[in-house]
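Order of the sequence lines sets the chain letters (A, B, ...), proteins ahead of strands, with each chain counted from 1.
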Amino acid sequence: MEKAYEPKIYEDDIYKLWEESGFFNPDNLSGEPYAIMMPPPNVTGVLHLGHALENSLMDIMARYQRMQGKKVLLLPGTDHAAVATQARVEKNLVEAGMKNPREELGREGLLKKIREYSEQSKATILKQIRKMGTSADWSRLAYTFDEERSKAVNTTFVKMYNDGLIYRGFKVVNWSVKGQSTCSDDELVYIDREAKLYTFKYSKDFPITIATTRPETKLGDTAVAVNPNDKRYKKFIGKVFPVNFCGVDLKLKIIADEHVEMEFGTGALGVTPAHSGVDFEMYEKKKVEGDPIELIQVIDEKGKMTLQTGKEFVDKTVLEARDLVVEKLRAEGLMEKEEEIEQNVGTSDRFGDVVEAIPMTQWFIDVNKEIPGRGKSLKALMKEAVSSGLDNDKNKKVTITPDNFVNIYFNWIDNLRDWCISRQIWWGHQIPVWYRKVESRKSKVESIEDIYVGVEEPKDIENWTQDSDTLDTWFSSGLWTFSTLGWPNDTADFKTFHPTNWMQMGHEILFFWMARMILFSGYLFDGIPFKDVYIHGILRDKDGKKFSKSSGNGIDPLDIIENYGTDALRWSVLSGITPGNDSRFYTEKVEGSRNLVNKLWNVARFIEMTIVEAGGKLVRECKMPKAKTLADTWILSRLNKIIKDVVDNIDNYQFSQAAEVLRDFTWNDLADWYLEIAKIETDKSEVLNYILNTVLKLWHPFMPFVTEAIWSSYAKTSDDKQELLMVEKFPEVNVEWQEVIDFSMLQNIIINIRSVRGDYKIDPAKKINVTISAGDKKELLEENAEIIKRLARLENLQINQSANKPNDSVSFVEGGVEVFVELSGVVDFAKEKEKLGKEIEQLTKYISGLEGKLNNPGFVSSAPESIINQEKEKLIEAQEKLEKTNKQFQAI
RNA sequence: GACUGCAUAGCUCAGUUGGCUAGAGCGCUACAUUGACAUUGUAGAGGUCAGAAGUUCGAAUCUUCUUGCGGUCACCA
């Protein structure tokens with residue numbers, strides 16, 4: 001073995017070995033099925049650190065479960081990411097000098113460009129996933145936009161259409177002018193910005209003043225809403241006022257609406273049904289009430305003013321129109337106030353422009369309508385799956401970790417409106433709806449005979465035209481957990497692996513993705529997509545800032561792998577994380593990780609060397625050895641405890657905790673103590689071999705490469721058949737070992753002697769003498785005398801039943817024994833006296849605290865017995881220590 | 001505005017049903033150096049657990065309030 005672990009030498013070969021072994025494919029494994037679906041990365045570029053975190057989490061779980069003897073499927077895939085990818089490619093084309101890619105290339109031309117880009121991106125991504133060590137089943141690789149997945153999409157669409165849950169409707173939608181497409185409510189990113197609030201009157205004779213930040217939309221106002229209880233305006237309710245607003249004739253009906261706050265602004269609200277979601281709802285409500293108001297669209301799809309606004313405004317941009325309206329209001333003396341306010345506007349998450357509210361005919365999923373035959377809506381279904389379980393069945397319940405996200409999820413569902421699923425971009429699943437060619441677009445909607453909705457295209461295709469819109473990308477990713485398993489076909493995979501066992505994701509896609517997956521599987525087959533969801537936070541930079549291209553703080557995971565190795569990267573992204581919380585990533589952390597990996601390597605190297613020197617060799621199979629010394633008993637019991645901790649922590653999704661427990665054991669207990677002792681006590685081959693085997697297995701899910709590299713080095717020195725660590729059985733807790741308290745006494749004696757040496761600046765090379773007054777620990781200490789002598793660098797060690805404090809010595813009490821460190825000539829008695837005095841003071845305080853507690857009738861009567869006994873033991877121990885310390889104090 | 005999260009050592013963070021004289025890593029200080037590892041070892045300094053009140057035998061942990069910082073959703077007149 002090399003002096004230091006060189007990841008580059010091993011990683012690619014090991015990954016190849018794993019892949020060729022076939023064990024990534026569950027068909028080659030036996031046991032209980034365990035499935036994890038990889039959240040498919042968008043084919044918009046390359047993977048970032050967040051993906052490194054996700055891959056680490058998934059792979060830890062997959063490897064752990066596989067080693068637990070399960071038939072593990074970690075299914076990899078990628079997402080065509082409709083808008084995101086098209087937006088990226090268009091941006092690239094524009095940067096390369098193209099003015100309007102859609103116009104210049106046309107639908108097929110642009111799609112070709114996007115396809116090329118996405119295939120290239122996909123290839124890169126898949127390579128990166130391999131680099132991260134992910135034990136994914138490549139034979140089942142899926143893509144949200146491939147044929148099988150498209151079939152799942154169409155099947156779902158058709159079923160929902162037939163159930164009346166998908167409908168085509170005319171509504172105000174979020175429209176990105178830049179992207180020339182709709183977006184769903186969830187795709188909006190709200191930003192704060194400065195805006196002007198204008199308070200004005202429509203005309204001189206109009207009795208009510210209103211305020212707005214968007215004067216240009218007021219050209220489309222058809223009503224003014226006031227609170228029905230507002231005394232100021234009550235008399236106007238129901239009246240219609242014809243006004244001439246900036247040269248445009250409007251008819252404004254005064255309507256009552258409870259949602260209008262009397263105290264806010266002027267207490268009256270100009271209603272623009274065509275360009276405000278809220279106002280549109282009022283419009284629909286009035287229509288139902290039989291007291292309709294008009295709807296006038298004044299902004300078109302290009303973000304320009306429509307013909308409706310008259311000669312002066314038509315074809316002006318929104319901003320030009322706004323300036324013009326303001327100018328006119330000022331000129332006519334109708335503007336009452338102009339003030340700067342903070343406002344928060346929705347922007348398109350992919351195109352970045354402020355979205356316009358525009359009325360359009362689009363496809364929607366109705367979340368409130370009852371699902372035929374089920375007696376509940378999609379909304380109810382989504383709630384049920386997370387609260388009681390579908391149909392009150394606990395086996396159909398999704399558990400979210402950490403659980404505070406449950407409330408956030410419910411809150412989102414409560415505010416959920418019908419989901420607009422049609423997009424006008426070209427990259428995506430084209431809506432499986434065809435219209436008769438002969439008909440005009442408007443009549444298509446009105447006549448059922450002219451529309452065809454089907455999984456396959458209609459037979460007489462030449463007479464039909466497919467709807468040109470595509471589906472929201474989350475429609476296809478919402479089907480991911482089962483479309484990847486061959487659904488809608490009745491496959492063995494689907495039966496075996498669905499619902500999947502565990503899913504991890506970032507909290508930013510909770511609504512986009514988790515909610516949609518729950519919706520679809522609940523609707524389609526009354527099931528859940530996964531049993532447990534683990535929500536992780538996002539990785540931030542050293543200063544807590546988000547990693548982003550614009551701030552230029554991005555770190556390429558491949559660079560980290562290149563410089564430090566994959567295992568170090570995995571540990572770095574993982575350590576310090578807790579469910580749902582963000583964490584920070586910086587290079588110092590990676591250095592520490594690299595050191596840890598190297599430490600493990602050297603532990604193995606030392607163990608191998610020790611065993612070989614003793615005439616043996618490392619073997620892969622060895623039973624739990626017999627402990628021959630106190631140190632053996634201690635390390636084996638510690639190891640046993642660690643197995644339990646690791647298993648418990650992983651089972652509770654405390655990945656960082658599990659790994660930290662392992663690190664502490666490996667570095668402190670094993671390397672710093674036991675291996676040092678192994679240099680003193682001989683005949684440790686069996687124990688060392690057993691410990692190394694166990695530790696490698698425990699570490700494997702976290703650091704697959706270095707552990708497999710060490711494991712494979714065994715073969716060179718033994719006759720073992722070539723087997724992979726990745727399919728070894730994970731260690732089990734086999735015996736209930738007691739904690740070995742005596743060993744910590746031994747450790748503390750050594751630490752205290754070292755500390756005395758440090759205090760008196762004794763040359764580390766110089767050997768000194770120590771006398772111990774051991775009482776009933778005499779035998780035990782004698783058995784371990786060599787360890788104390790060597791680790792504390794002693795010349796002579798006297799262990800007596802009882803001993804008096806030698807002259808010129810520094811003393812301390814530890815675990816009921818008194819230790820005298822002889823330092824002829826250099827002892828500072830004043831200092832010792834002070835030190836012991838402090839110790840006594842502290843002990844006295846501690847004891848009186850314990851006594852107070854134990855004399856408190858409340859404590860004795862209400863505390864559990866185990867706690868009381870624990871406190872009693874503490875008291876006795878402290879009292880003994882105080883007594884001995886007092887004696888030593890007086891001896892000075 | 002509604003809901004929600006956080007505040008613990010210089011820094012990054014653990015601390016899982018309330019029961020340690022509150023922990024780790026990094027950093028810092030001092031010392032050590034030729035066979036496992038300087039990607040190291042040994043020892044050490046460093047915290048009124050944001051503040052206040054309450055519940056309890058007992059609070060870093062539970063409740064309420066205050067302060068400071070995030071997040072999500074809504075309002076966008």
Side-chain angles (χ1 to χ4, degrees), chain A residues 1 3-5 190 195 197 199 210-214 224-225 259-261 264-272 276-279 341-346 402 404-405 407-408 410-412 414-415 507-508 510-511 542 544 564 568 575-578 580-586 588-589 591-610 648-649 652 654 656-657 660 663-664 671-672 675-676 679 751 754-759 761-765 791 793 842-843 845-846 849-850 852-853 856-864 866-868 870-871 874 878:
Chain A
M1 287 172 84
K3 193 168 177 180
Y5 173 61
Y190 288 92
L197 180 69
T199 307
I210 65 160
T212 185
T213 53
R214 302 208 48 191
V224 169
H259 299 296
V260 179
E261 286 176 43
F264 195 97
T266 62
L269 165 67
V271 181
T272 324
S276 154
V278 179
D279 294 2
I341 58 156
E342 271 279 300
Q343 122 182 291
N344 160 7
V345 292
N404 56 296
F405 282 100
N407 280 331
I408 297 175
F410 285 154
N411 183 270
W412 175 82
D414 288 341
N415 289 312
H507 50 68
E508 72 279 5
L510 205 68
F511 309 139
K542 200 175 171 52
Y564 300 95
S575 76
I577 66 163
T578 41
N581 293 320
D582 294 352
S583 61
R584 302 188 190 198
F585 184 92
Y586 38 90
E588 289 90 328
K589 214 170 167 178
E591 279 169 24
S593 313
R594 190 253 336 250
N595 297 354
L596 173 62
V597 174
N598 188 57
K599 191 74 184 181
L600 181 60
W601 176 262
N602 272 289
V603 163
R605 198 155 85 100
F606 175 78
I607 289 176
E608 190 206 24
M609 189 193 83
T610 308
D648 286 351
N649 277 315
N652 290 308
Q654 300 284 346
S656 180
Q657 294 275 79
E660 275 167 48
R663 181 202 56 203
D664 290 346
D672 290 345
L675 295 189
E676 289 306 315
K679 292 174 184 171
I751 288 168
R754 285 169 175 169
S755 171
V756 169
R757 297 182 62 119
D759 280 353
K761 309 223 181 298
I762 307 296
D763 181 349
L791 296 185
R793 299 197 70 86
Q842 224 172 25
L843 275 171
K845 225 186 201 168
Y846 181 49
L850 285 172
K853 213 182 219 178
N856 182 338
F859 177 72
V860 184
S861 63
S862 16
S866 63
I867 298 289
I868 296 174
Q870 195 183 302
E871 298 297 305
K874 277 192 220 161

Shortest side-chain distance from [X], nucleotide among [options]:
| X | options | result |
| --- | --- | --- |
| Asn344(A) | rA74(B), rG15(B), rU40(B) | rA74(B) |
| Asn581(A) | rA14(B), rC20(B), rA77(B) | rA14(B) |
| Arg605(A) | rA24(B), rC37(B), rC57(B) | rC37(B) |
| Lys874(A) | rA36(B), rC20(B), rC37(B) | rC20(B) |
| Leu269(A) | rG5(B), rC57(B), rA77(B) | rA77(B) |

**Request:** For residues Trp601(A) and Ala4(A), report the shortest heavy-atom separation together with the two atoms involved.
**Result:** NE1-C, 3.7 Å
**Request:** Measure across Ser583(A) and Ile577(A) and return the closest heavy-atom pair with its distance rounded to 0.1 Å.
**Result:** OG-CG2, 3.4 Å
Have a look at [X] and say if it touches a base, only the backbone sugar-phosphate, or nothing, with a 4.0 Å heavy-atom cut-off.
| X | result |
| --- | --- |
| Arg663(A) | sugar-phosphate |
| Pro857(A) | nothing |
| Val271(A) | nothing |
| Leu675(A) | base |

**Message:** Quick check: any donor-acceptor pair below 3.5 Å linking the side-chain of Gln657(A) to the base of rA24(B)?
**Reply:** no
**Any N/O donor-acceptor pair, Lys853(A) side-chain to rC57(B) base, under 3.5 Å** = no
**Item:** Glu591(A) or Asp582(A), whichever maps to the more 5' nucleotide of RNA chain B
**Value:** Asp582(A)
**Complete:** By nearest-heavy-atom nucleotide on RNA chain B, the more 5' of Thr578(A) and Arg594(A) is Thr578(A)
Whole angstroms only, please: what is the [atom1]-[atom2] distance between [X] and [N]?
| X | N | atom1 | atom2 | result |
| --- | --- | --- | --- | --- |
| Phe859(A) | rG58(B) | CZ | P | 11 Å |
| Ile408(A) | rC6(B) | CD1 | P | 11 Å |
| Tyr5(A) | rU40(B) | OH | P | 17 Å |
| Glu676(A) | rA43(B) | CD | C1' | 15 Å |
| Tyr190(A) | rG1(B) | OH | C1' | 15 Å |

**Prompt:** Considering residues at least two apart in sequence or located in another chain, which fulfil the side-chain hydrogen bond (donor to acceptor under 3.5 Å, both in side chains) criterion with Thr213(A)?
**Reply:** Gln343(A)
**Asked** Are the ring of Phe264(A) and the base ring of rA77(B) both nearer than 5.5 Å at their centres and tilted by less than 30°?
**Response** yes
Measuring only the [atom1] atom in each nucleotide, how far is [N] from [M]? A whole number of Å is fine.
| N | M | atom1 | result |
| --- | --- | --- | --- |
| rA43(B) | rU48(B) | P | 25 Å |
| rU29(B) | rG51(B) | P | 30 Å |
| rG1(B) | rU66(B) | P | 12 Å |
| rA59(B) | rU63(B) | C1' | 11 Å |
| rG70(B) | rC13(B) | P | 15 Å |
| rA77(B) | rG5(B) | P | 31 Å |
| rG15(B) | rC20(B) | P | 16 Å |
| rU12(B) | rU72(B) | C1' | 25 Å |

Would you mind reporting whether [Y] and [X] have side-chain heavy atoms less than 4.5 Å apart?
| X | Y | result |
| --- | --- | --- |
| Arg663(A) | Lys599(A) | no |
| Leu596(A) | Leu600(A) | no |
| Gln842(A) | Lys845(A) | no |
| Ile607(A) | Leu675(A) | yes |

[N] OP1/OP2 closer than 4.0 Å to side-chain N/O of [X]:
| X | N | value |
| --- | --- | --- |
| Ser755(A) | rG44(B) | yes |
| Ser862(A) | rG58(B) | no |
| Asn595(A) | rU40(B) | yes |
| Arg584(A) | rC13(B) | yes |
| Lys679(A) | rG41(B) | no |

**Message:** Defining pairs by Watson-Crick or G-U wobble geometry with both distances under 3.5 Å, how would you list the stems of RNA chain B with at least three pairs each?
**Reply:** B:1-7 with B:67-73, B:10-13 with B:23-26, B:28-32 with B:40-44, B:50-54 with B:62-66
**Request:** For the pair Phe405(A) and His507(A), name the ring-plane relationship: parallel under 30°, tilted 30 to 60°, perpendicular over 60°.
**Result:** parallel
**Item:** Separation of Leu850(A) CG from Lys853(A) NZ (nearest 0.5 Å)
**Value:** 6.5 Å
**Request:** Could you tell me whether a side-chain N or O of Arg754(A) sits under 3.5 Å from a main-chain N or O of Arg793(A), the two making a donor and an acceptor?
**Result:** no
